2 protein chains.
Amino acid sequence: MALAEAILVCLTDRPMSGYDLAKYFDASIGFFWRASHQQIYRELGRLRERELVESKEISQSGKPNRIVHTITDKGRAAVTGWSSKPVRMPSVKDELLVKLYALETVDTKAMREQISVRLEQHQSKLSEFKRIKSRFYDGKDLTVNQKGKLIALELGIDQELFRIAGWETVLRKMSDAGV
Amino acid sequence: MALAEAILVCLTDRPMSGYDLAKYFDASIGFFWRASHQQIYRELGRLRERELVESKEISQSGKPNRIVHTITDKGRAAVTGWSSKPVRMPSVKDELLVKLYALETVDTKAMREQISVRLEQHQSKLSEFKRIKSRFYDGKDLTVNQKGKLIALELGIDQELFRIAGWETVLRKMSDAGV
DNA sequence: TGACAATATGCAACAATGTGCATATAGTCA
DNA sequence: TGACTATATGCACATTGTTGCATATTGTCA
């Protein structure tokens, strides 16, 4: 249940509403731990029960009220405790690679198209990461926390570059194999 | 529910028992789509219900009887149909990267150890992939199906190499950041 | 001789994730 | 004026994944 910890990590930065968190996940930490807004709201309820966050409703006119969640001392301790425990290897699940396992049975024309789509997706992620980097990090004085995020972001950039090269190689090798 | 398809893909190779499949997942296709034996047995039951596989019990003395599953024509058609449909981006979930997001709150000494463990895991995967490659593929005449698996395997090798370099870079950058 | 690994299948319970829907208001664009 | 987007929260259900257990025999190692 590391979603709990991912949320707490976000809240070490600043108090946020569920909606804020959902956006933050979409634009930042979600690159390394994806979560939908439903997951986030559900998990926030549990965190409140476990007293790892404190929630305060803030009145708004027109729009629904915001519920702002603040990490508690207990929550901060939970993050530190979690951080010292071993992690598992990230789970591996990629249908596109499974399809490579049955090259004689699959529709290879469709597969090439899917690889092209995948390439575009990596390309757009790459652009996004680069944009974020130049906008928020380049040429700035950074706190340790920000440096950590930058390290993650740069790993993300390299990863996208690697994946683009990787799938292009796959396309070439498929041609060599005659499919 | 692409586990169903991953199993069917395995069975396009040859009929197998649940136990065989579990081993096959551990040693081959599971590099790209992990599954436990419990998941596999459960899914085999569903595949049988949907008539995508045919199951035959084979008597054995001493050991429990094997139940050998064979893909049906309907199953083969299901693989081809599935293969032409778009895939989604693999889900991203890595606690170690999440920890980078709270560098001021986490136990960085423990984190460095976790990165070392991760590096060893990638190293041993790399060795395994290379061993499989040299043992089953190098210098052999390959069918199209085998070529597909080799392409996946080589992508796996490059990926492990990339990840080793990536995490080593992270360690260096953490030092540069003073943690 | 006792412990353990390998072979072989599978249930039950629980935890985590994902999909679809529901609600409510304000502002923008065609 | 109607469609759409953004803000803001959340339930119900379905699927998927994990953990622990249960059974039963053979072979190997200490």
Side-chain angles (χ1 to χ4, degrees), chain A residues 1-8 15-27 29-30 32-50 53 55-69 82 86-95 98, chain B residues 1-7 10 15-27 29-30 32-50 53 55-69 82 86-95 98:
Chain A
M1 60 151 84
L3 174 58
E5 284 81 10
I7 289 173
L8 289 174
M16 280 189 250
S17 70
Y19 189 80
D20 293 335
L21 278 164
K23 275 193 301 178
Y24 195 81
F25 265 78
D26 271 355
I29 200 168
F32 311 112
W33 195 281
R34 227 188 286 169
S36 64
H37 81 271
Q38 291 91 341
Q39 266 178 284
I40 291 166
Y41 281 115
R42 185 171 27 188
E43 198 59 47
L44 279 170
R46 288 179 201 151
L47 289 171
R48 189 166 39 204
E49 260 177 47
R50 293 164 61 200
V53 303
S55 311
K56 212 190 289 177
E57 194 161 350
I58 293 180
S59 292
Q60 291 189 134
S61 61
K63 293 173 236 173
N65 293 341
R66 288 164 59 79
I67 299 173
V68 173
H69 309 273
W82 160 75
V87 290
R88 39 174 93 179
M89 287 282 270
S91 81
V92 181
K93 256 155 227 278
D94 191 343
E95 283 184 88
V98 173
Chain B
M1 62 152 81
L3 173 58
E5 283 82 10
I7 290 173
C10 297
M16 280 190 251
S17 71
Y19 190 80
D20 293 335
L21 277 164
K23 276 193 302 179
Y24 196 81
F25 265 79
D26 271 355
I29 200 168
F32 311 112
W33 195 280
R34 228 188 286 169
S36 66
H37 82 272
Q38 291 89 341
Q39 266 178 285
I40 291 166
Y41 282 115
R42 188 176 14 181
E43 198 60 46
L44 279 170
R46 287 179 201 151
L47 289 171
R48 190 167 34 205
E49 262 177 44
R50 293 163 62 199
V53 303
S55 311
K56 213 191 290 178
E57 194 163 350
I58 293 181
S59 292
Q60 291 190 132
S61 60
K63 293 173 232 170
N65 293 341
R66 289 164 59 79
I67 299 173
V68 173
H69 309 273
W82 160 74
V87 290
R88 40 175 91 180
M89 286 284 268
S91 82
V92 181
K93 256 154 228 278
D94 191 344
E95 283 184 88
V98 172

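Quick note on labels: first sequence line is chain A, next is B, and so on, each numbered from 1. Note that the structure is a prediction, hence the values are computed from the model and not measured.
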Please tabulate the protein-to-nucleotide N/O contacts below 3.5 Å involving nucleotides 12-16 of chain C, giving atom names and distances.
unit_1	atom_1	unit_2	atom_2	d
C/dA16	OP1	A/Met1	N	3.2

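From A/His69, atom NE2 reaches atom CG of A/Leu21 across 7.0 Å, with rounding to the nearest 0.5 Å.
Atom pair A/Tyr41:OH and C/dA22:P shows a separation of 18 Å (rounding to whole Å applied). Regarding B/His37, its NE2 atom lies at a distance of 13 Å from the C1' atom of D/dG17, rounded to whole Å. Remark: C1' of D/dT5 and CG of A/Asp26 are 15 Å apart, rounded to the nearest angstrom. We find that CG of A/Asn65 is positioned 13 Å from P of C/dA26, with the value rounded to whole Å.
Residue B/Val68 is the one, among B/Val68 and B/Ser91, whose nearest nucleotide of DNA chain C lies closer to the 5' end (criterion: closest heavy atom).
Residues that satisfy the side-chain contact (heavy atoms from CB on, under 4.5 Å) test with A/Ala22, not counting sequence neighbours, are A/His37, A/Ile40. Listed by chain and number, the residues in a side chain to side chain donor-acceptor pair (under 3.5 Å) with B/Trp82 are A/Glu95 (sequence neighbours excluded). Checked against side-chain contact (heavy atoms from CB on, under 4.5 Å), B/Glu49 has no partners two or more places apart in sequence or in another chain. Taking the ring pair (Phe, Tyr, Trp, His ring centres under 6.0 Å) definition, one finds that B/Tyr24 meets it with nothing, sequence neighbours left out. Under the rule for a side-chain contact (heavy atoms from CB on, under 4.5 Å), the partners of A/Asn65 that lie at least two apart in sequence or sit in another chain are A/Glu57, A/Ser59, A/Gln60. The side chain to side chain donor-acceptor pair (under 3.5 Å) search around A/Asp94 returns A/Arg118, not counting sequence neighbours. Residues satisfying the side chain to side chain donor-acceptor pair (under 3.5 Å) criterion with A/Arg34, sequence neighbours excluded, are absent altogether.
For the helix from C/dT1-D/dA30 to C/dA30-D/dT1, the angle separating the two terminal helix axes comes to 40°, with each axis derived from five pairs and the value rounded to 10°.
Regarding contacts with the backbone of C/dT19, a side-chain N or O of B/Arg88 is found under 4.0 angstrom from either OP1 or OP2.
In this structure, A/Leu3 and A/Arg42 have side chains that are not in contact, with every pair of non-hydrogen atoms separated by 4.5 Å or more.
A/Arg34 comes within contact range of no nucleotide atom at all, as no heavy-atom separation falls under 4.0 Å. Heavy atoms of A/Trp33 sit under 4.0 angstrom from primed sugar atoms or phosphate atoms, though from no base atom.
Closest approach to the B/Ser17 side chain among C/dT19, C/dT9, D/dT7 is made by C/dT9 (side chain taken as heavy atoms from C-beta onward). With D/dT19, D/dA6, C/dA8 as the candidates, the nucleotide lying closest to the side chain of A/Tyr19 is D/dA6.
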